[in-house]
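The structure appears below as structure tokens.
Chain A is the first sequence line, chain B the second, and so forth, proteins listed ahead of strands; every chain is numbered from 1. Nothing here was measured: the structure is a model prediction, and the numbers come from that model.
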There are 2 protein chains.
Amino acid sequence: MATTGQAAGGRGDARLTERGIYTAALRLIDADGVGALSMRKLAGVLGVNPMSLYHHVPNKAALLRGVKNLVAAQFQPRVDGGTWQEQLGRFARDFRALAHRHPNLIVHSLGSPDFIEPEDPFWTGLTDILDSAGVPAAEVAPVGAVLTSLFSGFLLAEGNGALGRLAAMQPAPAKAASTAAAGVGADSDSSFEFAVQTLVAGLEARLS
Amino acid sequence: MATTGQAAGGRGDARLTERGIYTAALRLIDADGVGALSMRKLAGVLGVNPMSLYHHVPNKAALLRGVKNLVAAQFQPRVDGGTWQEQLGRFARDFRALAHRHPNLIVHSLGSPDFIEPEDPFWTGLTDILDSAGVPAAEVAPVGAVLTSLFSGFLLAEGNGALGRLAAMQPAPAKAASTAAAGVGADSDSSFEFAVQTLVAGLEARLS
DNA sequence: ATGTCAGCCATACACTGTATGGCTGCTGCT
DNA sequence: AGCAGCAGCCATACAGTGTATGGCTGACAT
């Protein structure tokens, strides 16, 4: 074991890597949330001194950005054919699937201003769809910004449980079990579909 | 000055009050953000020992909830006449106005699961409007939850600057200065109007 | 008059992010 | 081959965090 006690902590990497740090941090975040992530715990998992991390990452904020970018890079929207409505729906679904894989990270990242970076495939994919929907070039960015904000709100609320709590609230005193017209259940999936269809329909109306 | 050095810190209150603690905390939050709020700083402003706060507030999380409830109580939506579309618009505008008065608090609270409490005038006001819009009773809660989530996302993005950053992004390489059809500028106000009208139009479409 | 307790305070603990500086072994240059 | 430099790692230390524990004081009810 010599002097360095690296052991079996860091995925078998003897050397410390920026990438390795991010993936280890992601595992910790997935397990216990970003609130429970500390430089010391992360270093412990990697079998390394806390200060060693600072030779690969300038500070904790940058570490979180790095982790976020790591999972953001996994987002490959499939912008094949179909109407722009279908494309937008697929896009939203893909993004939500990614969010579901790392809910803790997403809930934290969506609250930060720098969530979306200029060159993200997310942003370019969205602007492409809006462009093909006929949104004037000068308005693609503002419209995309609004849609992103709204949709982020949904994912955030779904991720932290606020959506579920609200949806389960007082089903009105009078009649309780009348599953009537619009077709929205209290479960996450139908809430999601409702949100997407509302946004799409709203955009449709604003474009004609 | 005797033994207690309260001085002119706590707004002149000699005795420490739960309410007084909340308002002092709110001032600190408005000034420097919730990240800069610490029990010690708060106690300092109130001219009091940090541990004294714990006789009125169980912990910091509860303190933040209390501050949030303090400003939430200021929200009195005017649900007078008009179509439900107009009511919803007014409602959103009123809520945004409140958010603008305490942006730092709102940006933090919107990221927390317990932002909306069951008996908030916010929730009852919204459900009333949805009810009068013809949303089936059993779906008022789910629909309200989705709308709240979406709208919260907008306010969050507006508050933390993400909205502005995204809206100002690459106006498409080709033509830059053609202020065409749909009427969305990059400024916050027109983004807000666009968001509200999109949501209203989307809901309209989903209800017919 | 006395016991009780609310309100306040002092101390202390575990924990956070990170600045500073020292050691070591690999690197490229001469 | 030898040597300078530096990347990578570590130990120590500092300021700051939330809060548990226990002691003091003065008012108030009995």
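If you check dC9(C), dT19(D), dC8(C) against the side chain of Val48(B), the one that comes closest is dC9(C). The side chain of Lys60(B) sits closest to dT17(D) out of dT17(D), dC10(D), dC8(C). Nearest nucleotide to the His56(B) side chain, out of dC8(C), dC9(D), dG18(D): dC8(C). Which of dG8(D), dG7(C), dA11(D) sits closest to the side chain of His55(B) comes down to dG7(C). You'll find that the side chain of Tyr54(A) is closest to dG17(C), out of dC9(C), dG17(C), dG18(D). For Met51(B), counting side-chain heavy atoms from C-beta on, the closest listed nucleotide (dG8(D), dA19(C), dA10(C)) is dA10(C). The side chain of Arg15(B) has dC8(C) as its nearest neighbour among dC10(D), dA10(C), dC8(C).
For Ser52(A), a side-chain nitrogen or oxygen approaches OP1 or OP2 of dC10(D) to under 4.0 Å. Between Asn49(A) and the phosphate of dA11(D), there is a side-chain N or O to OP1/OP2 separation shorter than 4.0 Å. Using a 4.0 Å cut-off, some side-chain N or O of Ser38(A) falls inside it from OP1 or OP2 of dT16(C).
One can place CG of Leu64(B) at 10 Å from P of dG18(D), the figure rounded to the nearest angstrom. Met39(B) places its CE atom 17 Å from the C1' atom of dA10(C), with the value rounded to the nearest Å. Rounding to whole angstrom units, CD of residue Glu18(A) and C1' of dG8(D) are separated by 14 Å. Atom CG in Leu53(A) sits roughly 18 Å away from atom P in dA7(D) (whole-Å rounding). The CG-C1' distance, from Leu42(A) to dC15(C), rounds to 16 Å in whole Å. When the C1' atom of dA20(D) is taken as reference, atom CZ of Arg40(B) falls 13 Å away, rounded to whole Å. Going from atom CG of Asp32(B) over to atom P of dT17(D) covers 12 Å, rounded to whole Å.
In this structure, the separation between CD1 on Ile129(B) and CD on Gln85(B) is 11.0 Å, given to the nearest 0.5 Å.
Residue Leu37(A) is in sugar-phosphate contact alone, with no base atom involved, counting any heavy-atom pair closer than 4.0 Å across all strands shown.
Within a 6.0 Å sphere centred on CZ of Arg101(A), heavy atoms belonging to other residues, nucleotides or ligands number more than 12.
Of all heavy-atom pairs spanning Leu166(B) and Ala145(A), the tightest one is CB-CB, 3.5 Å.
The residues Asp189(A) and Arg93(A) are annotated as not salt-bridged, no charged nitrogen and carboxylate oxygen being separated by less than 4.0 angstrom.
Between Phe122(B) and Phe91(B), the ring planes lie tilted relative to each other; the angle falls in the 30° to 60° range.
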